[in-house]
Amino acid sequence: MSSTEQSKTKLNQTPTTQRMSWIHKGELTLIERLSANILKAGPMPKHVAFIMDGNRRYARKLHVERQQGHTQGFDKLAETLRWCLNLEIREVTVYAFSIENFKRAKDEVDGLMELARQKFSRLLDEQEDLEKHGVCIRVLGDLTLLPLDIQKLIAQAVLATKHHNKCFLNVCFAYTSRHEITNAVKEAAWGVEQGLIKPSDVSEFLLDECLYTNNSPDPDLLIRTSGEVRLSDFLLWQTTYSCLVFQSILWPEYSFWNLCEAILQYQLNHQALQKARDQHAEARVLQQLEADRCCAADLLQQTGLGKPVDPQLRQEALQKYTAEREERVHSFLTALQEKRDRFFTDLNKGFIASAKA
Amino acid sequence: MKWHSQSIFLSGGAFKNWNAALYEWLKIRQKIFLRLYMMAVVYEFVWRMLHALLHLQRTILSWFRISIWNWNWRLWRRAVAAVQVPAVFGFQNHTYNNKKSCGRVRWKSDGKSLEKLPLHVGLLIAEEEPRYTDIANLVVWCMAVGISYVSVYDNQGIFRRNNSRLMDEILKQQQELLGLDSLKYSVEFLNNSNDKPEQQVLSCQATVKVLSPDDGKPGIVTAAQKFCQLVEQQQQRSTDLDVNMLDSLLRGTKGMPDPDLVMKFGTVDSTLGFLPWHIRLAEIISLPSHINITYEDFFSALKCYAGCEQRLGK
């Protein structure tokens, strides 16, 4: 049987209930478990990001509707999450829908929105299961671009799983990295407008915290399927020191062995990337110190009366300035988090109100 | 009394049973721990063997590549020597010049033969010790093939610190590889100062820029600070910012277009901080090393780029 026929048979054999679920019910085979244990002897990525590319090409290959390709893609996601849990990879980020994808044909976009509606509703039905596995779901992107009912479903899902902390799934929906970075800069500018921070307080650390991914560490490993070798506006800021693995398999055909291959590549790159990351972190600390020193010196000059400043005074001024800056940044980030939480709770209230009406 | 002795007997017996049970339980626990420990040792051993094999494979492949290059070079030298022996004095020079001019003509036609040529190529050197001659070769090949913008990047800022050495090497290789035609191929070196470039050229064929990690995230932070200053001075509102505005803040006045192709040299599978904002749609093609890189390898990467299809979300 050719691989196309095998895939088609498998498509027809999977029961419908399993096909819709977020949590795949299945355990690894013995040989898969053995391989997992061997891999776990080395450094394992704690956060993996997936660009799930190839659904439409898969549908064309099997001569089925595009929508079926996307549905299969979702099922593969559920299966991959199960593998990641077995491999003790606690955080997964996936690129589900890009802002650029709105350019697609209307019926395809509507189909994808309908799929999203079904999946997020299903999520609410599976709350007990999610609680049992401690899955926290976050949806990243410019949610205001989505239809209101989907926004409300998302808000419910996010709020319902907010306090789970065993594993994390970040779904990038209506997302592009440039929009995310622009939004982060806008938030920083909002902070300046509100008088919470100064322009000189804006740093790499601050922008990190203003991104949609502020609650996640940077991905250790980024996997893109279907053979394309570009990032397509996905996590550009966060993946600067991640291991990039490009695999030619189509997403709905992804297997446990493909995942193992990617992790192996991560392990081969681990030392070099760790070194590069540490160098960058050191450079960042030095840059911040230098920036603080300049600002403190400027302040001293302004308050001083043109007299030369002794080193002791300079050091004290630097420490005082650094403490004040950190205080400002902390209160700004608290205000930002409250603003974000309010967005979801307001949507949720609207959802409950409209459900009651 | 009887009851008391019986109870002592019973409790003594119970105590013995309990002791025996505890002893059994401990033995089982010990066996389980031992088994787990042995399994962990075995898995670790297998993992180490696997990685040793992979490293060996990598070393053999790179040795193989270098050997083939050396073998080819020795073959070429023997061929030249064979020609030289019966040659007239001028014949040798003529052959050498012929080879160079054949190369130049070929490079130009190679560039035209591709379905699409990148406008801007980023050379990402992810190796510990860069070789300036090889990098200069790559830059000159890019120019010869018809690529208008080339950037050179390394993770530690080595090229930025040795900017002038790299530029001298590029100019030297330009002379050597392009010969008399080198005046047609003028190079503009972009540096980060706001002064106008010193070389005034009539037809600027290529622009070369040397980049370091400071042009990546720190560049975005600087643009963000600039915008926040405008907001503070109430010349802008925070809600005015969109992707295009941030893009133009980042690009500045002497902006280069976004890289279409990133040629990554080295075995590290990462962009290592190379222009995160600008590479959103760049194809990332990996080559094992820039040391002794041949034109054929370089051109095969360009062919690979020409075959990529960009759907841009559609």
Side-chain angles (χ1 to χ4, degrees), chain A residues 34 37-42 98-104 176-179 181-182 184-193 197-200 202-204 206-207 228-234 236-237 239-246 264-269 272-273 276 279-280 283-284 287, chain B residues 39-40 42-48 50-51 54-55 58 126 155-156 213-214 216-218 220-221 223-232 236-243 245-247 267-274 276-277 279-286 304 308-310 312-314:
Chain A
L34 272 174
N37 283 331
I38 292 169
L39 275 181
K40 282 195 266 193
S98 163
I99 294 179
E100 303 291 324
N101 293 150
F102 279 117
K103 290 188 223 162
R104 289 185 182 179
T176 58
S177 188
R178 282 195 178 182
H179 273 84
I181 297 171
T182 308
V185 177
K186 250 199 264 192
E187 304 283 27
W190 171 79
V192 169
E193 246 171 12
I197 48 170
K198 296 190 205 178
S200 55
V202 176
S203 63
E204 249 184 72
L206 189 93
L207 288 181
E228 306 293 351
V229 288
R230 50 184 181 263
L231 294 172
S232 295
D233 228 338
F234 183 57
L236 299 172
W237 176 281
T239 54
T240 44
Y241 292 96
S242 307
C243 180
L244 305 177
V245 175
F246 299 108
L264 206 58
Q265 221 169 316
Y266 164 79
Q267 292 180 336
L268 286 172
N269 280 286
L273 288 176
Q279 276 176 344
H280 177 80
R284 214 165 90 164
Q287 271 172 354
Chain B
M39 275 164 62
V42 167
Y43 290 138
E44 172 136 359
F45 176 74
V46 175
W47 182 84
R48 281 186 193 280
L50 184 63
H51 277 261
L54 286 168
H55 278 295
R58 222 186 239 183
N155 177 43
Q156 291 160 314
D214 286 340
K217 285 187 189 178
I220 300 175
V221 170
Q225 284 175 343
K226 256 190 251 171
F227 180 72
C228 288
Q229 276 160 4
L230 291 172
V231 167
E232 195 183 38
Q236 292 274 14
R237 283 171 307 173
S238 65
T239 45
D240 290 341
L241 186 71
D242 63 3
V243 175
M245 199 191 286
L246 187 55
D247 195 41
T267 49
V268 183
D269 294 312
S270 173
T271 54
L272 295 173
F274 177 61
W277 174 272
I279 57 166
R280 77 178 167 124
L281 296 175
E283 305 286 340
I284 301 169
I285 294 181
S286 299
C304 197
C308 292
E309 184 210 335
Q310 291 232 351
L312 299 168
K314 288 201 269 255

- Query: With sequence neighbours left out, what residues match B:Arg48 under salt bridge (Lys or Arg N to Asp or Glu O under 4.0 Å)?
  - Reply: B:Glu44
- In terms of heavy-atom pairs under 4.5 Å with chain A, the winner among B:Asp240, B:Leu230, B:Asn155 is B:Asn155
- Message: I'd like to know which of B:Phe227, B:Phe45, B:Phe274, B:Trp277 tops the heavy-atom pair count under 4.5 Å against chain A.
- Response: B:Trp277
Counting only heavy atoms closer than 4.5 Å, note whether [X] contacts chain A via side chain, backbone, both or neither.
| X | answer |
| --- | --- |
| B:Ile284 | both |
| B:Ala282 | backbone |
| B:Thr267 | backbone |
| B:Leu272 | both |

Heavy-atom pairs under 4.5 Å with chain B are the metric here; pick the option from [options] that has the most.
| options | result |
| --- | --- |
| A:Leu207, A:Thr176, A:Ile181 | A:Ile181 |
| A:Trp190, A:Tyr241, A:Tyr266, A:Phe246 | A:Tyr241 |
| A:Val185, A:Asn101, A:Asn269 | A:Asn269 |
| A:Ser232, A:Ala283, A:Gly191, A:Ser98 | A:Ser232 |
| A:Ala184, A:Ser200, A:Ser177, A:Ser242 | A:Ser242 |

Can you name the closest pair of heavy atoms from [X] and [Y] and give their distance?
| X | Y | result |
| --- | --- | --- |
| A:Val202 | B:Cys228 | CG2-SG, 3.9 Å |
| B:Trp47 | A:Ile38 | CD1-O, 3.3 Å |
| A:Glu204 | B:Val221 | N-CG2, 3.6 Å |
| A:Lys186 | B:Thr239 | CD-CA, 4.2 Å |
| B:Val231 | A:Ala189 | CG1-O, 3.8 Å |
| A:Thr182 | B:Leu241 | O-CD2, 3.7 Å |

- Item | A:Val192 and its side chain to side chain contact (heavy atoms under 4.5 Å, CB included) partner, picked from B:Gln229, B:Gln225, B:Glu232 | B:Glu232
Nearest 0.5 Å please: distance from the [atom1] atom of [X] over to the [atom2] atom of [Y].
| X | Y | atom1 | atom2 | result |
| --- | --- | --- | --- | --- |
| A:His280 | B:Lys217 | NE2 | NZ | 5.0 Å |
| B:Glu283 | A:Glu228 | CD | CD | 6.5 Å |
| B:Tyr43 | A:Leu39 | OH | CG | 11.5 Å |
| A:His179 | B:Leu246 | NE2 | CG | 11.0 Å |
| B:Ile220 | A:Trp237 | CD1 | CH2 | 5.0 Å |
| A:Leu273 | B:Asp269 | CG | CG | 8.0 Å |

- Query: Run the side-chain contact (heavy atoms from CB on, under 4.5 Å) check on A:Gln287 and B:Asp214 step by step: do they pass?
  - Reply: CA-CA 10 Å; A:Gln287 271 172 354; B:Asp214 286 340; 3.3 Å; yes
At a heavy-atom separation under 4.5 Å, does [X] approach chain B through its side chain, its backbone, both, or neither?
| X | value |
| --- | --- |
| A:Leu264 | both |
| A:Asn37 | both |
| A:Phe234 | neither |
| A:Leu231 | both |
| A:Ile99 | neither |
| A:Gln267 | both |
| A:Ala272 | side chain |
| A:Thr239 | backbone |

- Query: Taking only residues two or more places apart in sequence, or in another chain, which ones meet A:Phe102 in a ring-ring contact (aromatic ring centres under 6.0 Å, His included)?
  - Reply: A:Phe97
